[in-house]
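Okay, so here's the structure we're looking at.
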Amino acid sequence: MADPAIGAPEPARASDAAPRPKAEPPQMPLGPVLAAIDHALAHEADALENDRRGALPAALLERARELGLFGATIGDEHGGLGLGLGATCRVIAQVARHDRALATCVGLHNGLGVAPLRALGTEEQKARWLPLLASGEVIAAFAATEAGAGSDLSAIATHYHRARGGVCVNGEKQYVTNGRLAGLFTVLARAKETRGQHALICIPASAPGLEVGPEEHKLGIRASSTTSLHLDEVPVSGDALLGEGGRGLKDAYDALAIGRTVMSAGCVGTAQAAFDATLAHVQRRRQFRRPIGAFGASRAHVAAMAARVFAMESIVAAVGALDATIESIASLSTVAKVFCSEGAFEVTDRALQLHGAMGFLEDTGVALLARDCRVTRIFEGANDVLLTLLGSELLARSGDAEDEDVERANAALAALRRAGAGSAGAALVERWLGLSRSLRAARADLRATLGVRAVERQDCLHAIARAHVALEVASCALARSGDAPDVATHAGHLLMDEARRALAALDAADARFERARAVSEDLYERGTRWAWST
Amino acid sequence: MNLPVTSLHAAASDRRRLVIETIAEILELQPDTVRLEARLREDLGMDSLTSLELLSSLSRTLKVDLEMEEAMEISTVADTIRFVDNHLERAHG
């Protein structure tokens, strides 16, 4: 079998593929930070009780402040921990192992809440707000979504108009995380006069005309605050507009890339917690005179969970290790978000299954994990929309060079060899290269056959996006083989199976597309479903 | 009588209007706020998906097949208008 390490790489070509990880700048040792979080939250975070109460206790928020969690991403010159994206992800994952509602609060604060101000704020804005945000005295919220604008933020109606000394903001936002806790809202609005000219605007919670709605009742992360936000002629000074005028929509999408990464880290922590609980349970619980973990079906579940958690950690680490510029993480953060949100749901679902009826009871905490993570497939960009976006990006760019794949394959192969997986590792990497070639061929085929009209075929865009997600994550997991060779190998195979299935779906795509159209159109026209007659 | 914008002989202003109105519709903007020099991504917040929507819409209206590779070179509103003009020229020989 050909060894990809032997093949001479082709000359370098221009490529706009996702950049590869670089080393994060040196920063404070992370181990003690994670240990302190673990120690404090193991004793003080009662996620089940918080879920029942529907709120985070003041004492827990105070503990989070003492741990420095609200200043994770803020530089030490403003009183924060100054952690890079990768280290912040580890912190959020650690919090999520104990309490997803707290992780959502802190993650949103550090991601969407603080990132726009850090990236776009003037020195005066930063000096005013960052120390307060770092200490957690002020908690941040991000308000973009509206009743008529969910994943499509260009449709927002909230607007601002020039007023004496600044602007006035009017509108109604929904699903505002941290709504009841926040002292500062970053609001996406558009200029009333032009309907264009979007802007991100920092608005203190104390501003006249700003009203926070009641808490929403949710399926999961019930202890996190989710409210609407009503803005009625809210006056703000002109310097509250972040960044260049008119680029607010792009700035919001850039902030979402950070938010998606931090949210993916929360998914990792959730999956780790579900996996740890399940691993203990299947060894302890006996049925038919044996621990249930000894049965083949249980072993398959446990191995699949291990592979998924390992792969989730790997892709989040890869995004976190990228140069911390928003542009560089835009594509890979989307991959991580889709993969980790689906992965957390899969892992918690397997955990429920292996816990049997006990898992269905709230007191085990497993049901809470499953409820808490479900929303991650929806917020920060619904996965369906993100897959469409990713698919259209893959279709639009043709510069992904094979030599880059070979380079990544070699990195994975070297890691596999160091981990002792010689010929099996080579076969695995060869399979990855073959599937990567198949994906490139599928993209070229769609470009040639559908052209720009591919935008009307979301099924095809999703197929290539899903194959891309699986292969990206597989390469990250294989490159991390040294941590757990067997788990990495299993993850690699499972992910490549997923990539193969995604590409195979293109074979019968036209017929399936037409059937789905016929079924849905018939149902829409009739306005009702069929009768159950027999 | 006004010629359809699909005609090479249609007024340049009509083709410009078509492109601007299509962009405005996709991004829910007022057409008169779309400047010729505006960059589709940086200034208007378009991404690959909305760019493809724009080109797909133009492709349907103009009844021409637009090449994906070439289309992705487009950076500004003015580029898009030039792209449409070039395609109409080619389509009409």
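To find a chain, count down the sequence lines: A is the first, B the second, and so on, and within it residues start at 1. Values in this document were obtained by computation on a predicted structure and should not be read as measured data.
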By a 4.5 Å heavy-atom criterion (distance strictly below it), what part of B:Leu44 contacts chain A: side chain, backbone, both, or neither?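 The backbone, not the side chain.
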Where does B:Leu58 contact chain A at under 4.5 Å (heavy atoms): side chain, backbone, both or neither?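 Neither part.
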Applying ring-ring contact (aromatic ring centres under 6.0 Å, His included), can you list everything that pairs with A:Tyr175, at least two apart in sequence or on another chain?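 Partners of A:Tyr175 by the ring-ring contact (aromatic ring centres under 6.0 Å, His included) criterion come out as none, since no residue qualifies.
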State, with a plain yes or no, whether a side-chain heavy atom of B:Ile74 is found less than 4.5 Å away from one of B:Leu55.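 A side-chain contact exists here, since the closest heavy-atom pair is under 4.5 Å.
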May I ask you to test the A:Val455-B:Leu49 pair for a side-chain heavy-atom distance under 4.5 Å?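 Counting from C-beta outward, A:Val455 and B:Leu49 do come under 4.5 Å.
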Identified side chain to side chain contact (heavy atoms under 4.5 Å, CB included) partner of B:Val34 from the options B:Thr22, B:Val19, B:Val77: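 Of the listed options, the one satisfying the test is B:Val77.
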Would you mind checking which part of A:Leu450 comes under 4.5 Å of any heavy atom in chain B, side chain (CB onward), backbone (N, CA, C, O), both or neither?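 Answer is neither: A:Leu450 stays 4.5 Å or more from chain B.
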